[in-house]
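Keep in mind it's a predicted model, so treat the numbers as computed, not measured. In what follows, chains carry the letters A, B, and so on, assigned in the order in which the sequence lines appear, proteins first and then strands, with residues in each chain numbered from 1.
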Amino acid sequence: MNSKLFRGSLDTIIIKLLSENEAMYGYEITQKVKEMTEEQFKITEGALYPALHRLEAKGLLDTETKHIGNRYRKYYKLTEKGEKEVSTMLSDMAQFIQGLQLVFKTQPIKS
Amino acid sequence: MSDLTNEQINYLFDFVKSKNVPHLDTQCEIVDHLACAVEDLRSTKSHLSFETALEMVYKRFPITGFALLQLEKEKVLKRFWRRRFWTYLMHFVTPPKIILSIAIFLLFSFFFNSVGDLIRLDDESNKYIAGVLILFFYVFSFFFFDRYMFYEPKEDKSDYLVIQTYKQEGTIINYILILTPLFFWCRFSHDGDYLIRLTGIYNYLISFIYTCGLILSYCHHAVFPKMLEEEIELKYAHLDIELA
């Protein structure tokens, strides 16, 4: 899939994942998205980290570094502000998807 | 998934450094990502050597390598420091600190009013008095400067983006502090005694500038360095940063 198509949704994807998991590290996020979308979405490193840093700058994410084996790992988690933002971002995304479905006359995906 | 050896982790650090990532805090984040990706790749393709796997993983990054990642991280940290400095400074215009700010302002106002009447430019020697006063202010400011503004990593130590961005944002305050005494010089650098008198609106303006300068100087010396120390202790303790 063309990665440009979902680039604008990357922030929401990250926020959604972190709302379901207490804390995640960068590589874990890329793998989780790949797994959930059956490898349709592949987040590149070049897109992921700037997005994570951007969200951190907005005060939506906080970080914690832990010692794992012989290296350090940085975990990202939602801040209070981030948790409050989740529902707004998800409803905005739902509206956007609905709009796309209307434009392209596609059927909503049944869960 | 097989864990990488210490030698391989060190190799990754050297690799990241060679790709123009000079800051240890940024290096740590990239190294962990590369290590995870290399381990993952080799767990499914065990025939791959460590070096080949690393090469394949690095190709997933954009053509600019780690540059974009660094740039975003730098932006985040600069914004972080700006926000922290600004939030603290804003306390001086909200109760109860605003009383202190007004008191300082009135003191300066009173001082400049008195000085304005005492020192007159028709006497050449007063220009030297003004010069000495300004020099004294600079010497005084130098001792009250943020002690981490001149922080340089030791030769065998790494640089840190968190400190670099702190210094960059603090530099703006440095400039304001350096410029403040020049307003005092303006009073004495004009020909004619009453061209600019420290009375009325000019007095209030110069008092306001000096009040801001004094508050900034205090924050720069006593508050902001503590912010840096706290931040390093809270989030960068693992890096064992020597600030002194």
**Asked** chain A: which of K73(B), K75(B), R83(B), Q70(B) shares the most heavy-atom pairs with it under 4.5 Å?
**Response**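 Maximum pair count with chain A is reached by K73(B).
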**Request:** Select, from L12(B), V31(B), V57(B), L69(B), the one with the greatest count of heavy-atom pairs under 4.5 Å involving chain A.
**Result:**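 Of the candidates given, the most pairs with chain A belong to L69(B).
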For [X], does the [atom1] atom have more than 12 heavy-atom neighbours from other residues, nucleotides or ligands under 6.0 Å away?
{"X": "L102(A)", "atom1": "CG", "result": "yes"}
{"X": "F96(A)", "atom1": "CZ", "result": "no"}
{"X": "K97(B)", "atom1": "NZ", "result": "yes"}

Quick check: closest heavy atoms across [X] and [Y], and the distance to 0.1 Å?
{"X": "R73(A)", "Y": "C36(B)", "answer": "NH2-SG, 3.2 Å"}
{"X": "K235(B)", "Y": "D62(A)", "answer": "NZ-OD1, 3.1 Å"}
{"X": "D32(B)", "Y": "Y72(A)", "answer": "CB-O, 3.3 Å"}
{"X": "V76(B)", "Y": "R54(A)", "answer": "CG2-N, 4.2 Å"}
{"X": "G26(A)", "Y": "H33(B)", "answer": "C-ND1, 4.3 Å"}

**Message:** Does any backbone or side-chain atom of R71(A) lie under 4.5 Å from a heavy atom of chain B? Answer side chain, backbone, both or neither.
**Reply:**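 The answer is the side chain of R71(A).
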**Under 4.5 Å from a heavy atom of chain B, the part of E64(A) involved** =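 Neither the backbone nor the side chain of E64(A) comes within 4.5 Å of chain B.
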**Asked** Yes or no on side-chain contact (heavy atoms from CB on, under 4.5 Å) for H53(A) and E29(B), after CA distance, side-chain angles and deciding distance?
**Response** CA-CA 12 Å; H53(A) 293 146; E29(B) 192 172 357; 3.5 Å; yes
**Asked** In Å and rounded to the nearest 0.5 Å, what is the CG to CD distance from L68(B) to E45(A)?
**Response**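 Reported value, rounded in 0.5 Å steps: 12.5 Å.
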**Request:** Examine whether an atom of T64(B) lies under 4.5 Å from a heavy atom of chain A, and if so say whether it belongs to the side chain, the backbone or both; otherwise answer neither.
**Result:**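 Neither part.
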